[in-house]
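Read the structure below first, then the notes.
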Amino acid sequence: MHPRAVLPLWLALPTAAGAGLVLTTAFPAPSWWPAVFVAVPLALLSLIGRRSWSAVLVGFVFGAALFFVNLSFTARYLGSVPWIALSTLEAALTAVMAVPITWAYRWMPRLAPGPWGRLVALPALVAGLWVSREELLGTFPYGGFPWARLGVTQASSPLADVASWTGMSGLSFLIVFACAAAVECVRRGRWRSWRDARRLIPALATVAALLLVPQFPTTDAGSMRVGAVQGNGPAGYFDARQPYDVFRAQLAATEPIVGEKLDVLLWPEGGVDADPTHNAPVARQLDALAERVQSPLLIGAVTLRGDEYFNSSLVWQAGADNPVQTYDKRHPVPFGEYVPDRWFYRQFAPDLIDLIQREYTPGTATPAVDIGGVTVGLAICFDVIYDDVIRDGAQAGAEVFMFQTNNADFRGTDENLQQLAFARMRAIESGRSVVNLSTVGTSQVIGPDGRTIDALPEGEPGAMVTDVPLRTGMTPAMVAGGAVQSLLGWGSIAALALVGLLVRRGSRGERAAHRTPGTTKTSASD
């Protein structure tokens, strides 16, 4: 028997749209992190009792409301086509993953109808499937786009510390579990006595853990004096510029801190708009700069090796055979830094596709370099949204993270603040300081506890010299975050399949019992 939907379809659709819109306010710039505790219950209520195809429709409406607003920055320069295409894709994947959540609400109460099943097992399965949806969006297609993760909304909230134990996927799981358990408390019916308050225990215990569990401690290892330079040069695709304009802007913004005692001078992604491994005049200027500041440089440039282009971080030292170390961006942006299946997509938008002329090759190196005996973890721009890059850097011994980015294509939007929220969560997850440096802002130094230590105004050239705390010791999120992510995400799909199988077998048994003839009457002699 199919359960009745909590909301009729005519009401479920605007409820799902409202849930998506409310959830957008939890992301920067509004950053109203409590909004998740309104958005998630509304999203779940719109799915309970739905049939599969209506769940797809409801899920699509929720995803469209979320992503068309959240990803509106993608229309900043390239117009509506990329924005519509990306938002529609993310909404479609959200729609597909709404179906397993609906199945969980259909099957789990039949398998475990008691209080434990309804208040613990069902919310756990639903929360795991929510994480599964985040996993799908973060891996498919072309490496995925794990942008609007629920955990990121908590970057400035008291709940963020939990991520040092569970990772961002675990934080998403706990938030959805609390919301789903609260929904089931309401659905269980009237409260007849104080004993019924026990229904609240799973939800309240989870919220208490989210609020009260402290950040996992890491060990103080001194500090590193970092000069970080935001040149505010014309680094966007459509910025009017001449060759080396970005390089000149970085040099000019660096000048005020020449003479400061530094352990490293950091420039952002694309801070050198020439390949210093092939351009001798640029290489000589970098040699001279390293000599003047008397510290290694950590710069960003596009490099060519053979016939392959890489988006690279380079360690440059005075008097050395430079670069002395190189890290290449692990996750070039599809349709931004390369075009997958170019022959296919060019048929639909040749002008847009032809704008992307270089095809960046993904890097394979460990995202960490040694600078003066300090291991520095790295991420280049959208690398920061991929968990594997951060975990690999931490496991390589990173004592601090330095994220180089170029937000020039998204000036005047919330993109830079949303990316900064990822950087803040990475600091908390890893228990490491993060220097998040952009060509145009927002640039900040974030402490291991997620607090802002230093910052530069957006859209202005500037430099900051900061004693950045170093840390050693691994948080559980960095040690076991990948396993937690897989267990919650893909493990929940397996758990749902098992629940469905058990329910199906139980239904067959019930039907067989109903078909069994009644007891035969005994004879009088018996």
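For D321, there are no side-chain hydrogen bond (donor to acceptor under 3.5 Å, both in side chains) partners at least two apart in sequence or on another chain.
Ionic pairing of R426 and D387 is present here: one or more N-O contacts between side-chain nitrogen and carboxylate oxygen are shorter than 4.0 angstrom. Ion pairing of R76 with D409 is absent here, as no side-chain N (NZ or NE/NH1/NH2) approaches a carboxylate O to less than 4.0 Å. With respect to D245 and R248, a salt bridge is recorded, a charged nitrogen being found less than 4.0 Å from a carboxylate O. Ionic pairing of E429 and R424 is not present here: no N-O contact between side-chain nitrogen and carboxylate oxygen is shorter than 4.0 angstrom. Between R225 and E260, at least one side-chain nitrogen of the basic residue sits less than 4.0 Å from a carboxylate oxygen of the acidic one, meeting the salt-bridge criterion. With respect to D273 and R241, no salt bridge is recorded, no charged nitrogen being found less than 4.0 Å from a carboxylate O.
Cation-pi geometry between R358 and Y309 is satisfied (NZ or CZ under 6.0 Å from the ring centre, within 45° of the ring normal).
Y244 OH: 12 or fewer foreign heavy atoms inside a 6.0 Å radius. Other residues, nucleotides and ligands contribute at most 12 non-hydrogen atoms within 6.0 Å of the CD atom of E291. More than 12 non-hydrogen atoms from other residues, nucleotides or ligands lie less than 6.0 angstrom from CZ of R342.
By the 4.5 Å heavy-atom criterion applied to side chains, I453 and V468 are not counted as neighbours. The shortest side-chain heavy-atom distance between V435 and F403 does not fall under the 4.5 Å cut-off. Contact of the N232 side chain with the R411 side chain is registered, since non-hydrogen atoms from C-beta on lie closer than 4.5 Å. Residues T88 and F68 are in side-chain contact: their nearest non-hydrogen atoms beyond the backbone lie under 4.5 Å apart. With contacts defined as side-chain heavy-atom distances shorter than 4.5 Å, the pair Q294/L262 does not qualify. By the 4.5 Å heavy-atom criterion applied to side chains, Q418 and F73 are counted as neighbours. Contact check for P146 versus I385: side-chain heavy atoms found under the 4.5 Å cut-off. Side chains of V400 and V226 form no contact here, defined as non-hydrogen atoms less than 4.5 Å apart.
Closest non-hydrogen pair, S172 versus G151, comes out as OG-N, 3.0 Å. Considering every non-hydrogen atom in both A253 and P461, the closest pair reads CB-CB, 4.4 Å. A252 approaches P256 most closely through the heavy-atom pair O-CD, 3.5 Å. Listed here is the closest heavy atom pair of W490 and E135: CZ2-CB, 3.6 Å. Counting all heavy atoms, side chain and backbone alike, A301 lies closest to A274 at CB-O, 3.7 Å. Here the closest non-hydrogen pair linking D328 and S312 is OD1-OG, 2.6 Å.
We find the CD-CZ distance between E134 and R149 to be 6.0 Å, quoted to the nearest 0.5 Å. Once rounded to the nearest 0.5 Å, the distance linking CG of L298 with OH of Y327 reads 12.0 Å. Atom CG of L211 is separated from atom CG of D161 by 10.5 Å, given to the nearest 0.5 angstrom. The OG atom of S443 sits 11.0 Å away from the CD atom of Q404 when rounded to the nearest 0.5 Å. A distance of 11.0 Å separates CD in E337 from OG1 in T361, rounded to the nearest 0.5 Å. Distance check, rounded to the nearest 0.5 Å: CD of Q230 to CG of N407 gives 9.0 Å.
When only modelled atom types and interatomic distance are considered, S295 and D263 share no side-chain donor-acceptor pair under 3.5 Å. Looking at D467 and S223, their side chains never bring a donor and an acceptor atom within 3.5 Å of each other. The closest side-chain donor-acceptor pair between N311 and E269 falls under 3.5 angstrom. With hydrogens and angles left out, the side-chain atoms of W267 and T254 include a donor and acceptor closer than 3.5 Å. Side-chain contact check for T439 and N406: at least one donor-acceptor pair (N or O, by modelled atom type) lies under 3.5 Å. No hydrogens or angles considered: a donor-acceptor pair under 3.5 Å links the side chains of Q419 and T405.
Between F37 and W33, the ring-plane angle classifies as perpendicular under the 30° and 60° cut-offs.
Side-chain rings of Y360 and Y338 stay apart, their centers remaining 6.0 Å or farther from each other. Taking the centre of each ring, H331 and Y386 come in below the 6.0 Å mark. Between W147 and F422, the gap from one ring centroid to the other is short of 6.0 Å.
In this structure, the side chain of T153 engages the main chain of L150 through a donor-acceptor pair within 3.5 Å. Formation of a donor-acceptor pair under 3.5 Å by the D414 side chain with backbone atoms of L417 is not found in this model. Between the T452 side chain and the D454 main chain, no donor and acceptor come within less than 3.5 Å of each other. Side chain of Q444 to backbone of N436: no donor-acceptor contact under 3.5 angstrom is found. Side chain of D239 to backbone of A235: a donor-acceptor contact under 3.5 angstrom is found.
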Under the side chain to side chain contact (heavy atoms under 4.5 Å, CB included) rule, what do Q395 and I390 come out as? Steps first, then yes or no, please. CA-CA 9 Å; Q395 291 173 3; I390 309 304; over 6 Å; no

Could you walk me through whether D287 and N322 pass the side chain to side chain contact (heavy atoms under 4.5 Å, CB included) check? CA-CA 9 Å; D287 289 341; N322 287 304; 3.2 Å; yes

Between K329 and F310, is a side chain to side chain contact (heavy atoms under 4.5 Å, CB included) present by the stated rule, with each step listed? CA-CA 7 Å; K329 187 174 184 178; F310 297 87; over 6 Å; no

Pair R330, L378 - check side chain to side chain contact (heavy atoms under 4.5 Å, CB included), show working. CA-CA 10 Å; R330 284 255 193 104; L378 300 175; over 6 Å; no

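With respect to T218, the side-chain contact (heavy atoms from CB on, under 4.5 Å) criterion is satisfied by exactly one of L470, T475, D449, T472: T475.
Applying the salt bridge (charged side-chain N to carboxylate O under 4.0 Å, His left out) test to residues at least two apart or on different chains, none of the pairs has a partner in residues 205-216.
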